[in-house]
Amino acid sequence: MKTLQQVHDYIIETNTATLLAQADQTNGAQDKSVSIYFLMNFTINPIAPILQLYLQGSELRPDLLFGQYDNVMQEVLDDHSLLYSKKMDIVVCALWQDLSSPALLNKLSDTAAFIDELKTLFDRLQEKTPALILINTFLLPFWSETGIASGQKNRADAIRQVNQFLRNYIEQHAARCLLMDWERYAQILGEANSIDYRYWYLYKSPFKKAFLSYYASDITRVARALNGQAKKCLILDCDNTLWGGIVGEDGVSGIKLDAHDYPGKVFYDFQQSVLKLHERGVILALCSKNNAEDVWAVFDSHPASLLHREHFAIARINWADKADNILDLVKELNIGLDSCVFVDDSPTECERVKLALPEVTVLPVPDPIYTYPSLLLREGLFDTLKVSQEDAGRNVQYQQEAKRQEIFKKSQNIEDYLSSLGLVANISFLQENDIARVAQLTQKTNQFNLSTKRYNQQEIADFCRDKDKAVFSLKVKDKFGDYGLTGVLIAKREANKGVVDTFLLSCRILSRRLEYALLQYGLKYLSHIWQINQWEAPYCPSEKNAQVPGFLRQAGFEIKDNNIYQLHTHAWRGYAINHIDVMTEGFEYA
Amino acid sequence: MPEIRVKKILAQSFGIPMESINDDTSSDNVAKWNSLAHMSLVVALEEEFGVSFTDEQIIEMLSYPLIVLTVKEALATA
């Protein structure tokens, strides 16, 4: 896996012909493929090799298709167009407005009509494809046709108005549409590095390589998130990472952490971006060689510390090896090493963790330190397509988990422990307002996931409407707190058998036999209403879901062949789930 | 002498062996040499030689000998 910055730097310094030759090479067959369609009213095709390199760097196999030049609405409306020739994961609407004489905005009074036209286009597209839709803002003209005279409406005003509409539209349709902010690329790069006027006039191809690279980078972030590559946990060192200086030597009042003055403000701003990630549901962990009292004193009492004790789900503050500490906390959190990002200022510690745990993404504190506050935002490592309610409460859940672990250590055996939790499972037919969460779970869950099929919201909604398909959700709580919606079962009827399409549980609720409850209640009910007595569970092995076959065998499935597992309902035996108080919603369970 | 470097860029751009490129090589007989590929080719040549071609040069440089000529011209005036 390469960082986006590494790919960008490589693209900028490498000859375009070399990039083309490399993008053409076939990729590893094990990579997941991502299909992307470009609807375009200008020549965006030169983005192809650049986007291919980004996707390859993210271990995704690119499958790019370009629509016809300037035939956008026709393609969307025509059921037989290339756009609908196969399942697309992402549709990029690459729409350009001429900077000097915008065709659709010739008269400023046309703005409202243009907005209407865009709305119709996006609405139709949402109806006709389940793909994610990427919408760009339009570039503001770099020069004003009204000159310095004030009080006159000009094209920039009109474009601003259109862009505002686009931002609102995307916000209202956040489940399906994502923003590609061309305005920001131009802000970063400037006119000279963004626009090639010569190619605009010759070939209707206005963008320079750097601009295309930023665009491709954002498209790749969406593809990554769609394929469950979002990082979940941020592991932070303390001294010279969350504040300047060494708390053990300088004391709480002596460290550099300040809302106004340099260099303390750099660390303050970094804490701000960490806090934002916390609000998005990223798990925060501390891993520091320090005396624990000194570190907690900062979070408890330093007036400029935005981060407090309660923001951290877990901490390893001791003098032990950091790689060991990380292994230990990852085990306790029950997450994969590859979903962790580690930030430390010490090159030695960074190197140690990189070597011992290559799956962990290691980010050293940059030198000079000015670029530090945006470090975590640049790479988009924690990107998810949508932030759900469960995300926002995640750290609290991990703190509850720590309490459970304490009980577990005191319990005599697993049965006692499970019974003492007071588990309540709510199994229901999927409710409308849970669709986003279920789609997100299919995109993010890797370990306990039968098929690792990734679905977007539209596809989940379609399943719910199909009478030959059923989607069950599992919501879990216990006496320590609420886990929220953490399990999904998608089943379909095929002739006279049932097929388990998707069966997944969030890793946070494993080892409680909840998977048995979900399977038993879901399949038994469907067996009854669909009048079937045989089930198949096609297991798709991935790098991470090796625990699934063991579960299937435990649950009474027998392997047929080619990873197809079979279950006869007459051979059904009840599972040991008496410790769970199961409630059903939307269906009767006999 | 820019000839070898031009051949390398042409080979990479169109996925053809360098040895196959000669004075007859042009957009008429290289399958991948369409207008999109030509755009990338021109950018690649500009990056390789640190020059900038005019619109007229871009439209004319549609064969190996013409490209070599144009590159030399651009290098001389750079």
Select, from [options], the one with the greatest count of heavy-atom pairs under 4.5 Å involving chain A.
options                   : value
B/Leu10, B/Leu41, B/Val42 : B/Val42
B/His38, B/Lys8, B/Glu47  : B/Glu47
B/Glu46, B/Glu48, B/Met39 : B/Met39

What distance separates A/Tyr69 OH from B/Leu36 CG, expressed to the nearest 0.5 Å?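 If we round to the nearest 0.5 Å, A/Tyr69:OH and B/Leu36:CG are 11.5 Å apart.
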Closest non-hydrogen atom pair between B/Ala44 and A/Ala17, with its separation: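 Looking at all heavy atoms of both residues, the shortest contact is CB-N, 3.5 Å.
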Does any backbone or side-chain atom of B/Ile9 lie under 4.5 Å from a heavy atom of chain A? Answer side chain, backbone, both or neither.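 It is both, since atoms from each part get that close.
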Name the region of A/Lys208, side chain, backbone, both or neither, that has any atom closer than 4.5 Å to a heavy atom of chain B.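 Contact with chain B involves no heavy atom of A/Lys208 at all.
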Chain B contacts, top residue of A/Asn15, A/Thr43, A/Asp196, A/Leu20 (heavy-atom pairs, under 4.5 Å):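 Highest number of heavy-atom pairs under 4.5 Å: A/Asn15.
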